[in-house]
Amino acid sequence: MNFDFTEDHLMIQQSAKEFAQEAIAPSAVERDIKAEYPAEIVKQLGELGFMGMMVSPDYGGAGLDTLSYVLAMIEISKVDASVGVIMSVNNSLVCYGIEKYGTDFIKEKYLVPLAKGEKLGAFCLSEPEAGSDATNQRTIADKKDNFYFLNGIKNWITNGHSADYYLVMATTDKSKGHKGISTFVVEKDFEGFGRGKKEDKLGIRSSDTSSLTFENCKVPAENMLWEEGKGFNFAMNTLNGGRIGIAAQAIGIAEASFEAAVKYAKERKAFGNPIANLQAIQFMLSDMATKVDCAKLLTFKACALKDSGKPYFKEAAMAKLYSSKVAVENALDSIQVHGGYGYVREYLVERYLRDAKITEIYEGTSEIQKLVIARSLIDGK
Ligand code: COS
């Protein structure tokens with residue numbers, strides 16, 4: 001077991017940190033208030049290679065390991081979790097899914113621009129009646145000649161309004177249950193594709209989330225990923241890696257909350273001394289720091305398993321379950337340390353709490369993570 005980062009890991013961590021401080025931090029508060037999508041920042045992230053970090057250089061990516069991606073995600077999310085989720089969906093759901101399950105044609109056409117950050121992707125599994133119960137896909141794909149015609153609605157789609165390419169799960173054979181679901185690459189300009197309203201959210205407000213509509217949306221048969229009937233397995237396998245990305249996003253928020261609490265506790269005086277001298281505050285800071293380290297260890301372990309080609313779905317679920325819980329707890333504790341100042345916009349910690357909550361919900365709720373972990377423990381898989 002080696003707890004040291006390589007020179008390369010440290011370099012990536014440092015460059016993500018610098019970019020986050022210089023290019024993301026100055027507009028984060030305003031974008032949160034206005035719910036404004038960070039188009040220019042996403043473009044720059046692409047130019048720096050942060051939008052296709054794990055994709056092979058053969059397809060325009062940076063060819064890095066999962067730990068590098070997680071270190072960058074933590075630094076970016078520490079400053080702005082909205083930018084973190086945009087980056088996470090493109091990297092670990094869209095690029096990963098296409099690289100692993102796409103034909104050469106799909107990789108050349110779609111993966112290269114996505115990995116270079118020239119185009120943006122979205123992952124479309126959720127529907128009004130298929131959230132945790134993801135096998136209940138109502139979107140239908142009917143085949144006619146060399147095309148599939150998609151009809152249905154997707155919702156809660158991150159990058160819904162901003163993406164160019166959408167990975168869409170749809171039922172190709174209802175009689176087969178989850179083995180009758182397939183995945184398609186849909187372009188924003190395909191006939192019959194539409195975008196619904198943007199959601200007005202509690203947190204991660206600078207990322208865009210919306211519903212999508214498919215009305216006889218015409219998709220070439222060659223745009224199917226993996227093979228017919230493998231769409232649900234595609235979604236599950238891809239979400240395992242996505243959960244590592246969300247764990248990293250949550251760690252970023254948890255660490256930012258902790259650092260803000262330490263800074264404030266050293267500055268703020270009560271009873272004639274900095275509140276950092278008070279044991280009540282010290283205990284909170286100790287718990288916050290310990291939890292961040294635990295969350296990192298779980299997440300780094302999931303990265304190591306994934307990169308060595310071993311099963312990692314249980315560890316990814318544990319990493320997301322724990323890190324998201326810590327993000328919420330640390331944000332709450334940081335507000336408590338700040339007192340009244342933690343409750344107002346002038347200090348950043350109220351945003352950390354609003355941003356943290358979604359990490360317990362998307363890419364599988366905490367209850368779903370517990371279900372995945374429990375099944376693995378009981379079935380021994
Ligand atoms: N990794 C890989 N495969 C998985 C998996 C995982 N974490 N979880 C389930 N699967 C596979 C199973 O192995 C099974 O495959 P086969 O049919 O080839 O054997 C298939 O998926 C169906 O699994 P299962 O029978 O367990 O289905 P259930 O309906 O009982 O449960 C859950 C599926 C609840 C685990 C699944 O629907 C889920 O993860 N839901 C949450 C979805 C989600 O994360 N939504 C967020 C949307 S993206 S923001």
Side-chain angles (χ1 to χ4, degrees), residues 81-82 84-94 96-97 100-101 121-139 152-160 163 166-173 175-183 199 201 203-204 207-212 225-247 249-250 302 305-306 309-321 324 357-381:
S82 291
V85 72
I86 297 166
M87 177 177 154
S88 176
V89 166
N90 201 71
N91 274 278
S92 45
L93 295 182
V94 179
Y96 174 83
K100 188 145 170 83
Y101 299 106
F123 184 86
C124 314
L125 177 66
S126 297
E127 296 186 359
E129 290 177 70
S132 292
D133 185 10
T135 55
N136 189 31
Q137 294 287 306
R138 298 285 170 93
T139 299
I153 298 172
K154 294 286 170 184
N155 68 350
W156 315 124
I157 305 303
T158 301
N159 300 340
Y166 297 80
L167 304 192
V168 182
M169 275 40 85
T171 295
T172 38
D173 186 345
S175 68
K176 292 187 179 159
H178 77 267
K179 289 190 188 298
I181 296 169
S182 307
T183 304
E199 303 295 346
K201 306 188 297 276
I204 56 160
S207 70
D208 94 68
T209 309
S210 73
S211 57
L212 303 171
L225 285 169
W226 203 348
E227 57 190 68
E228 195 167 297
K230 288 286 192 187
F232 191 72
N233 296 88
F234 167 87
M236 291 297 108
N237 292 347
T238 307
L239 275 168
N240 289 332
R243 288 165 185 169
I244 295 178
I246 300 306
Q249 183 200 25
L305 289 170
K306 178 168 178 277
K310 296 187 180 132
Y312 63 95
F313 71 95
K314 181 184 80 193
E315 288 74 11
M318 286 177 166
K320 181 182 182 289
L321 172 68
S324 58
K357 186 57 202 172
I358 191 63
T359 65
E360 292 189 310
I361 298 171
Y362 59 19
E363 299 201 24
T365 60
S366 295
E367 291 71 24
I368 288 291
Q369 307 311 322
K370 287 182 189 175
L371 181 150
V372 169
I373 296 162
R375 283 185 182 180
S376 167
L377 299 174
I378 293 161
D379 299 342
K381 281 187 196 160

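Start at 1 and go down the list; that is how both ligands and their atoms are numbered. Residues: numbered from 1 along the sequence shown.
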**Request:** Mind checking side-chain hydrogen bond (donor to acceptor under 3.5 Å, both in side chains) for N240 and listing every partner two or more places apart, or none if nothing turns up?
**Result:** none
**Asked** Nearest non-hydrogen atom to atom 48 (S) of ligand 1 belongs to which of V89, L239, I157?
**Response** L239
**Item:** Within-cut-off N or O pair, Y362 and ligand 1, under 3.5 Å
**Value:** no
**Message:** Between E199 (side chain only) and W156 (backbone N and O only), is there a donor and an acceptor less than 3.5 Å apart?
**Reply:** no
**Item:** Ligand-side contact atoms (ligand 1) for residue partner K179, heavy atom cut-off under 4.0 Å
**Value:** 16 (P), 17 (O), 18 (O)
**Message:** Would G131 count as a contact residue for ligand 1, given that I'm defining contact as a non-hydrogen atom of the residue lying under 4.0 Å from a ligand atom?
**Reply:** yes
**Asked** So, does E129 use its side chain to make a donor-acceptor pair with the main chain of N136 at under 3.5 Å?
**Response** no
**Asked** Backbone, side chain, both or neither: what part of F232 comes under 4.0 angstrom of ligand 1, heavy atoms only?
**Response** side chain
**Request:** Please confirm whether the backbone N or O of V372 pairs with a side-chain atom of K314, one donor and one acceptor, at under 3.5 Å?
**Result:** no
**Between T359 and Q249: side-chain donor-acceptor atoms closer than 3.5 Å** = no
**Fill in**
One finds that the ligand 1 atoms under 4.0 Å from a non-hydrogen atom of N240 are 1 (N), 2 (C), 6 (C), 7 (N)
**ligand 1 versus N233: contacting region, heavy-atom distance under 4.0 Å** = side chain
**Request:** Give a yes or no on whether the backbone of G180 and the side-chain of T172 come within a donor-acceptor separation of less than 3.5 Å.
**Result:** yes
**Request:** For ligand 1, indicate whether the residue S126 contacts it via side chain, backbone, both or neither (heavy-atom separation under 4.0 Å).
**Result:** side chain
**Request:** Keeping to residues at least two apart or across chains, list the salt bridge (charged side-chain N to carboxylate O under 4.0 Å, His left out) pairs with something in residues 227-245.
**Result:** none
**Message:** Heavy atom to atom 14 (C) of ligand 1, shortest distance: which of H178, E127, M236, E363 holds it?
**Reply:** H178
**Request:** Just go through R243, E367, R375, K230 and tell me whose heavy atom is the nearest to atom 27 (O) of ligand 1.
**Result:** R375
**Prompt:** In terms of atom number and element, which parts of ligand 1 are under 4.0 angstrom from non-hydrogen atoms of T135?
**Reply:** 29 (O)
**Asked** Is the backbone of G229 close enough, under 3.5 Å, to the side chain of S182 for a donor and an acceptor to pair up by distance?
**Response** yes
